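Please read the structure below before turning to the comments.
Letters A, B, ... mirror the listed sequences (proteins, then strands); counts begin at 1. What you see is a predicted model, and the numbers here were worked out from it, not measured in a lab.
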2 protein chains.
Amino acid sequence: MGAKVLVVEDDAALAELLTYNLGKEGFEVRHAPDGDEALLAIDEDMPDLIVLDWMLPHMSGIEICRQVRARPETREVPVIMLTARGEEDDLLRGFETGADDYLTKPFSMTELVARIKSLLRRMRPTIAGNVATFGDITLDRETCRVRRGSRDVHLGPTEFRLLDVLMQRPGRVFSREQLLDRVWGHDVYVEIRTVDVHVGRLRKALNRRGEPDPVRTVRSAGYALDETYKASA
Amino acid sequence: MGAKVLVVEDDAALAELLTYNLGKEGFEVRHAPDGDEALLAIDEDMPDLIVLDWMLPHMSGIEICRQVRARPETREVPVIMLTARGEEDDLLRGFETGADDYLTKPFSMTELVARIKSLLRRMRPTIAGNVATFGDITLDRETCRVRRGSRDVHLGPTEFRLLDVLMQRPGRVFSREQLLDRVWGHDVYVEIRTVDVHVGRLRKALNRRGEPDPVRTVRSAGYALDETYKASA
DNA sequence: CGGTTATGTGACAGTTTTGTAAAAAACGAG
DNA sequence: CTCGTTTTTTACAAAACTGTCACATAACCG
């Protein structure tokens, strides 16, 4: 499946149009009609991107945007705002608040989709739709398969998600806590060292004898995919 | 503000308009009339953002964009493209190539400025936050990597934090007490001379034979990054 | 100069962090 | 329920890093 997109829009007709079209593009769409629903949705399952109508019943778009930017775990989520024509003031305040892009109604679906893809690519460089690539490693979310070069790599579900998370930002160091959050879920309690074990298994599955290890251990910090390796492969 | 913006635009009148207005906003603007000049300008002093006309004499905007994206050191630089009305094909190809945003001529200066600021804020992790540079030394907090020139420098956690602190204000002298505070934490008790040992280790890791030492000892005061060195490198 | 103080640095013993095998527990398809 | 797979925990060894000390150098000062 594609990225998760949260659409915050009170106009039911437009909301449905968006849901339908984005869904067709392979995004997993969730809809929230107002600010409270939006924050709830964000809590329940973190979207990869938010499309935010600027005019909402109770809480203004600007307020939601501010709240999203305020929390550390959502700070990185890109926001596209939808404004009515000619609200240039709002627009500028929107950018101030930290929106990443905006579209003026009415807008073309093609354009919205292009902008969404652009922002997502910027956020998660290796992910183009369902397939992520890092050097000679390929991870396909659709078929749940991983390949290295021409060989098939068998991973258990946990190793698969682990690699998936690491590949969302190659090179970035994820702490064990962050990995627990993202791979196991923020409500599950497991020993921190379990991460190490699974990283070990991921390595064993990924590396045949003589191949360089794409997983980097950063002492006292966590694990990351090694950009050096990517360059060499 | 004060970010460096490279404007690649062959139409002299528009170029001047851009230069003037962006300058007024506090950006440091450099102008290149064609692709070759653009690449040269990028080499000479890396811009923080590129405004790129899509229709250029020799090399098309798309080609420049591709080249910018191909090099690791410019991969993260955001690109805004300027297109004539109705070239929707170009637009989509532009996003494919990795442009981050686009504007259709004619556009309002306010809007361009807003978009530039938004992109710069989004890139902040790279420009203002996560990567520090001092001369030929680079410290990346996201990947936990340090490089000197083209060589990878391996540091232990303590040396890493130490360099991090020093790089937060290059040239400033930090007393050993201050370094203990900031690197070890103000609640830890360790001998003051431990700082010296770690500075020594940092030096050893940073300097290959024949290279000048970027760390300056200030007798009876502390340590600092040497601005003399920065100038020379 | 000689005396004094500050810094550089090798060695080392102790600590922390990581890799990993193996056991135990959990899970899932028949 | 049973078997095979996967996950989690645990324990231990290996590796990496740390803080301290002692002594060698270097800088300062009258």
Discussion item. Of the options D:dC17, C:dT7, D:dT6, whose atoms approach the side-chain atoms of B:Thr158 most closely?
Written reply: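 That would be D:dC17.
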Base, sugar-phosphate or nothing for [X]? Non-hydrogen atoms, less than 4.0 Å.
| X | answer |
| --- | --- |
| B:Tyr223 | sugar-phosphate |
| A:Val197 | base |
| B:Val218 | sugar-phosphate |
| A:Arg203 | sugar-phosphate |
| A:Val215 | nothing |
| A:Arg201 | base |
| B:Ser220 | sugar-phosphate |

Item to complete: For residues A:Tyr223 and A:Val195, determine if any side-chain heavy atom of one lies less than 4.5 Å from a side-chain heavy atom of the other.
Response: yes
Discussion item. For B:Val199, run the side chain to side chain contact (heavy atoms under 4.5 Å, CB included) check against B:Thr217, B:Thr194, B:Val215 and tell me which one passes.
Written reply: B:Val215
Discussion item. Going by side chain to side chain contact (heavy atoms under 4.5 Å, CB included), A:Arg216 matches just one of A:Val173, A:Leu225, A:Leu166. Which one?
Written reply: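 That would be A:Val173; it is the only one of A:Val173, A:Leu225, A:Leu166 passing the side chain to side chain contact (heavy atoms under 4.5 Å, CB included) with A:Arg216.
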Worksheet item: Within this structure, what is the CG-to-P distance between B:Leu202 and D:dT18, rounded to whole angstrom?
Response: 12 Å
Discussion item. Working note: A:Asp136 + A:Arg148, criterion salt bridge (charged side-chain N to carboxylate O under 4.0 Å, His left out); need CA distance, chi angles, decisive distance, verdict.
Written reply: CA-CA 6 Å; A:Asp136 59 353; A:Arg148 174 157 188 181; 3.7 Å; yes
Worksheet item: Relative to the 5' end of DNA chain D, which residue comes earlier, B:His198 or B:Arg193, by the nucleotide with the nearest heavy atom?
Response: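 On the 5' side of the pair lies B:His198.
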